[in-house]
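Comments concern the structure below.
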Amino acid sequence: MPGFEVFGAEERQAINDLFDANGGILFAHGFDALRKGVYKVREFEAAACRRFGVSHAQAVSSGSAALRVALAALGVGRGDEVIIPSFTFVATAEAVIQSGADLVVVDIDETLNMDPQAFRAAITERTKVVIPVHMLGAPADMTSVCEIARRHEIHVLEDAAQGVGGTFGGKPLGTIGDIGCYSFDAGKVIITGEGGMVVTGSKKLFSKARAYHDHGHEYSTTVGRGEEGAIGEGFNYRMTEIHGAIGIVQLGKLDGILAAQRANKAKLKQLLSDGGFPFAMRRILDEGELGDAVVFFLTDRDQTQRFLAGMKREGIGTKNVPDAMRWHFAKHWSHMFTKYGWYRDSFETEWQRSADILERAIALPIMIKMSDERIGEITKKLLRIAAEVA
Ligand SMILES: *Cc1c(COP(=O)(O)O)cnc(C)c1O
């Protein structure tokens, strides 16, 4: 997720241009007489609609906010159940908690994404939404998830925070389910510092998302903000013009970022395979993945620990797995379960299948600016460690 690698002069210029154009109006709405026709958040949304081939986009203050807003648009509240995978960033669970719904967490499979059969097995008459998450840039099995969801009349909300720019079956991640969420935080594939977006092909869901992200505002075309009505409850999850201006620039860099990291990943995987790297790679369902991580599985927990010790010695870092598992695997979320009750007595023994997979997984970050020398060097080190621990 390396948007930060190509961040600087152009983004700074975009902020200067914003101040030059309208004196620095940073609020995305109103001030119509003063802002001289400059609406950067709107422009960012329009550019995202074009790039991701989707009819509606609502920029918001973060990816977490996007999830909260999307759940509100789907009408999720008390008494509903929302199903998420055990392996995701904690924000997916937090958004469900904030919505008032009950959290249901299901196992992943060797794709490191939601196991569709585990999703199916967890469905009850209260299930309202399923949230497949495209972890580490690779798509969840949207064919199976959508098919099961349709049969049971469950809405599909894609958490594509880590999947911006990826595709599944030729369709941009985030635009396959009923509604999708993107994140532009400082670690993602394109970044605005903080920022997120809700995308959907449904005008109705979009109107609800737009209202919820801004205190319920109906977005009237005839009266001013102060006089217009509310179409429902809401909160403030608005994006600022600074973030919008930066987002436009970063979105323009997305294709270059994807091309570079996919090429680097392909080179590294080829070199590993040529060198006889003995360990299995993560099952990737579609070549439209982002290419920002290589994940491989060791044979057991002990060997994984020895491999990680080797990587540390050689100065090679990992990407979330396993260094930030605390924030990405439900087994570690006792602070939520003890407070809200779900899994309070069982979280330590739940999701054992996920644990068996994740405890043997190592994710290697793929950067945009990896030289061929660096890729060769990393490969050599990984092969050396593999020989030591095999
Ligand atoms: C980053 C992330 C989020 C939250 O996005 P923020 O912009 O950091 O709030 C949600 N889900 C997943 C899977 C993420 O990786």
Side-chain angles (χ1 to χ4, degrees), residues 1-4 7 41 44 48 57-72 82-99 103 105-106 108 111-114 129-140 142 145 156-166 168 173-174 176-177 179-199 209 213 235-240 242-244 246-247 250-251 289-290 292-293 295 318-321 323-330 332-333 336 354 358 363 365:
M1 305 177 213
F4 65 81
F7 193 88
V41 171
F44 182 31
Q58 176 60 60
V60 292
S61 49
S62 70
S64 306
L67 290 164
R68 176 66 193 96
V69 167
L71 286 167
V82 177
I83 299 179
I84 72 165
S86 63
F87 178 54
T88 180
F89 182 54
V90 70
T92 319
E94 289 167 338
V96 175
I97 292 173
Q98 302 264 316
S99 78
L103 186 66
V105 183
V106 301
I108 55 159
T111 64
L112 295 190
N113 291 321
M114 176 181 282
V129 173
V130 61
I131 311 185
V133 187
H134 308 296
M135 286 301 281
L136 292 160
M142 291 305 291
V145 169
V156 179
L157 190 178
E158 283 177 88
D159 181 343
Q162 300 189 12
V164 177
F168 178 83
L173 300 180
I176 303 164
I179 194 164
C181 295
Y182 298 142
S183 164
F184 312 120
D185 82 24
K188 299 301 204 279
V189 68
I190 55 172
I191 66 170
T192 57
E194 296 279 8
M197 197 172 271
V198 177
V199 292
H213 106 289
F235 202 63
N236 175 5
Y237 293 114
R238 293 183 303 253
M239 177 179 269
T240 75
I242 290 187
H243 297 85
I246 293 172
Q250 281 273 297
L251 191 61
E289 66 133 340
L290 271 62
D292 57 4
V295 184
T318 59
K319 180 183 177 116
N320 294 346
V321 185
D323 53 276
M325 284 311 284
R326 161 107 193 49
W327 299 101
H328 293 84
F329 183 27
H332 301 291
W333 301 340
M336 296 197 247
S354 306
L358 290 167

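These numbers come from the heavy atoms of this one structure, side chains and all, not from hydrogens, waters or symmetry mates. Order of appearance sets the numbers: ligands from 1, and atoms from 1 within every ligand.
Applying the side-chain contact (heavy atoms from CB on, under 4.5 Å) test to Thr240 and every residue at least two apart in sequence or in another chain returns Ile242, His243. Legend: residues meeting ring-ring contact (aromatic ring centres under 6.0 Å, His included) with Phe89, ordered by chain and number and at least two apart, are His328.
Taking a cut-off of under 4.0 Å to the non-hydrogen atoms of Val133, the atoms of ligand 1 that pass are 13 (C). Residue Gly63 approaches ligand 1 through these ligand atoms, each under 4.0 Å from one of its heavy atoms: 4 (C), 5 (O), 6 (P), 7 (O), 9 (O). When each atom of ligand 1 is checked for a heavy atom of Ser62 under 4.0 Å away, the hits are 7 (O), 9 (O). Here is the list of ligand 1 atoms found below 4.0 Å of a heavy atom in Thr88: 13 (C).
Considering only heavy atoms from C-beta on, Val164 stays 4.5 Å or farther from Lys188 through its side chain. Two residues are said to be in side-chain contact when any heavy atoms from C-beta on lie closer than 4.5 Å; Asn113 and Pro132 fail this criterion.
When non-hydrogen atoms are compared, ligand 1 lies under 4.0 Å from the side chain of Ala161 (C-beta onward) but not from its backbone.
Using a 4.0 Å heavy-atom cutoff, Gly195 is listed among the residues neighbouring ligand 1.
For Asp185, a nitrogen or oxygen atom sits less than 3.5 Å from a nitrogen or oxygen atom of ligand 1, counting backbone and side chain alike.
Using a distance-only test at 3.5 Å, with no hydrogens or angles considered, no donor-acceptor pair links the side chain of Ser86 to the main chain of Ala330. In this structure a side-chain-to-backbone donor-acceptor pair under 3.5 Å is present from Gln162 to Leu136.
Checking Thr192, Asn320, Asp159 against atom 13 (C) of ligand 1, the nearest heavy atom belongs to Asp159. Scanning Tyr182, Phe89, Phe184 for the heavy atom closest to atom 3 (C) of ligand 1 points to Phe89. Residue nearest to atom 2 (C) of ligand 1, selected from Gln162, Lys188, Arg68: Lys188 (by heavy-atom distance).
Taking the six-membered ring where tryptophan is involved, the planes of Tyr182 and Phe184 are tilted, since the angle between them lies from 30° to 60°.
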